[in-house]
Structures are given as structure tokens and as C-alpha cells.
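The basis for the numbers below is simple: all heavy atoms, side chains too, and nothing from hydrogens, waters or symmetry mates. Residue numbers start from 1 in every chain, and the chains themselves are labelled A, B, ... in the order their sequence lines are given, proteins ahead of strands.
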Amino acid sequence: MSKPKAFSNSTMSLTPPVFYILLALAIKERHGYDIMKQVQADSNNKVKLGPGTLYGAIKRLLEDKLIVEVNSNHARRKYYKLTEKGRTFFSNELKRYDEAVELAKKRSLFMSYV
Amino acid sequence: MYKTEELTVPITKESFIYKTLLFLYPDQYRKKFGEQMLLVFQDMYEDEYKNFGKIRSVFWLRVSTDALQSIITQHLDFIKKEGLKKYLREVLHVNKYSVIGAILLLPFTTILGLDFVARILQRDLTHYSRPLNNYFSHIFLYQDHIGKIPLLWFVLIFFPILSIVLNIIPLHKSFFKNPVTLAILGLAGLALLIVYGHDFVPCIVQGILYHHAIINLPKAILICRNA
């Protein structure tokens with residue numbers, strides 16, 4: 001039985017945790033706790049990952065070859081980075097969001113905050 | 001005291017608790033990510049202590065809900081990818097020995113479960129069960145109160161769930177690799193409980209001892225026969 005590909009369809013929306021993990025890794029390679037802190041900072045504390053959800057997402061990203069483990073000098077911590085496939089996929093997702101935002105602006109769908 | 005080169009706050013007990021929680025994940029997942037998850041937990045713990053001067057209950061709420069959600073997700077993920085048969089064999093460790101042991105264990109886990117529920121209903125968890133001494137009286141007592149069908153349902157449902165939960169926690173892998181040793185330990189514990197009764201050890205520990213004695217007993221007998 002073939003394994004389902006979670007992110008092979010480029011039109012599939014990413015969950016917020018996965019989006020922010022990819023965003024964190026787009027800048028530089030990181031270990032788990034570093035990813036967690038960066039996700040929290042980038043999302044303005046809206047997305048808070050625990051070890052379980054973090055590594056559940058990392059596991060899926062590894063299976064889909066969007067990220068890869070990096071050999072590091074640190075004895076115990078494992079570092080991760082985006083693969084070329086991951087970078088391309090994430091870039092396509094950002095373009096999709098950009099197009100959606102442009103469309104929403106044209107239709108004046110953004111509410112103004114008082 | 002446990003300390004890495006990066007931690008400044010010693011967190012022995014809490015790391016042990018989280019490490020034990022990690023045993024509820026499927027083996028493959030735990031072997032691959034367990035150590036990293038523990039490191040992240042330790043970093044979170046240290047940050048919480050540094051920022052707030054203590055560990056708030058919201059920290060443990062966050063850790064436990066995260067763990068519960070991801071444990072269920074990983075088990076379901078395993079079943080989805082590998083199938084139920086492989087899941088029963090590799091994750092729940094269901095094999096012919098555990099099935100034989102489970103059947104032999106049925107009377108003890110039944111009464112333990114009934115006693116535990118009764119204690120909760122009576123709000124009296126300080127008195128522990130004496131399964132061997134009260135087995136028959138408990139059976140007749142509960143049958144009178146709740147009827148035969150609910151009792152039968154309870155026996156059939158509770159026991160498999162308890163056995164599954166106890167099987168997931170691989171005590172024998174942590175402490176002993178030899179089934180003969182573990183079977184002897186379990187039977188020794190059982191003998192001690194028969195002689196001294198329930199006050200010596202809490203009922204949940206009784207259940208764990210019985211369980212690991214009984215599931216290893218058939219394997220132990222086979223090993224001794226082939227030796």
C-alpha cells in the first residue's frame with residue numbers, strides 16, 4: 001500500500017504549525033527547541049508548539065523530504081534544514097498566499113481596524 | 001542529579017515523568033524522536049523556571065495536552081500506514097505469550113478493576129484491594145448489585161484495556177531482559193501479597209506485578225524446558 005503524501009499536492013493548505021516550521025527553517029538550520037521559539041516569535045505567540053506536535057510535524061516533513069536532518073557538532077541535538085524540494089514547495093505556497101492577499105485587496109475585503 | 005552542559009536548572013524528577021510519558025508513543029517513533037523531545041521538554045522547563053521563578057500548572061497542562069494529542073495521532077498514523085496487524089504485533093506487543101498470560105490473569109485483573117471502581121465511587125482510595133482473599137465474595141457482591149450482564153461486560157471490556165495499557169509500558173525492557181527473571185520476580189511479589197495482604201503494596205502495583213509475572217510465565221516455562 002503506498003504511503004499517503006501529506007504535502008505533495010501544491011494546492012493543499014499547510015496547517016499553521018507546519019507553515020511556521022517551514023518559515024523558521026527557511027532562514028537557517030535549527031534544532032527542535034530553536035524551531036519552537038522561532039515559531040512562537042513569528043506567529044506573535046499565536047502558535048505554541050509542544051514537543052509532541054513539533055516532532056509530529058517534523059516527522060511528516062522528513063517523510064515527504066521537505067526537510068532533512070543535518071550532521072552537527074552538537075553531541076545530542078539534531079538540526080534540520082529545508083531541502084530544495086522543501087524550499088520550492090514553500091516558495092509556491094507563499095506565492096499562493098500572496099495572490100490570495102492581492103485578490104482580497106482588490107475586492108476590498110480587508111477590514112480596517114479602529 | 002541530571003544536568004547537561006546547557007541546563008542550569010536541575011530537573012531530575014520532572015524529566016523522569018516526561019521520559020515515562022514517552023513510553024506511550026509507538027516504539028519506532030520514540031526511538032527516533034524520544035531523546036529530542038526530552039531535550040525540548042527540558043529546555044521548556046528551564047525557560048518556565050527562569051521566566052516565572054516557578055513551574056506553573058499551565059505549563060503541565062500544556063505539556064500533557066500536547067502529549068495526549070500527539071500520542072493518539074502517532075498511534076493512528078501507525079495504523080493508517082502499517083495496518084492493524086502490524087500495530088498489534090509491534091506497538092501493543094500482542095503475541096501468543098501475552099494472550100495466554102492475559103487469559104490466566106483474568107481473575108485478578110477483574111477483581112482489581114472492580115475494586116478500583118468501587119473505591120472511586122466510595123471516594124476511598126486509601127484502602128487497597130485484597131484480590132485473592134475476596135475474589136469470590138466480590139463476584140457475588142457485584143453481581144447482586146449490578147446484575148450479570150453489566151458484570152460480564154465489565155469483565156470482557158476492562159481486562160483487555162488494562163492488559164493493553166500495561167503491555168505498552170515495557171517494564172521488562174527497562175529492568176530485565178530475561179523472562180525467567182521477571183516471572184520469578186512477579187511470582188515472588190504475588191507470594192508476598194498472599195502472605196501479607198493488600199496493605200503492603202497499592203493495588204495498581206499488584207496489577208502490574210501479576211501482569212508481568214503471568215505474561216512471562218509461559219515463556220519462562222518454555223525456556224526452562226529447552227535449557
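The environment of CD in Q28(B) is sparse: at most 12 heavy-atom neighbours from other residues, nucleotides or ligands sit within 6.0 Å.
Interface remark: I35(A) contributes no atoms to any contact with chain B (heavy atom separation under 4.5 Å). For Q69(B), the part sitting under 4.5 Å from any heavy atom of chain A is the side chain, from C-beta outward, and nothing else. Only the side chain of K37(A) comes within less than 4.5 Å of a heavy atom of chain B; its backbone N, CA, C and O stay farther away.
Residue E69(A) comes nearest to L62(A) through the heavy atom pair N-CD2, 4.0 Å, listed as atom of the first residue, atom of the second, then distance.
For S91(A) (side chain) and R87(A) (main-chain N/O), no donor-acceptor pair under 3.5 Å exists by modelled atom type. The closest donor-acceptor contact from the side chain of E29(A) to the backbone of V70(A) lies at 3.5 Å or more, if one exists at all.
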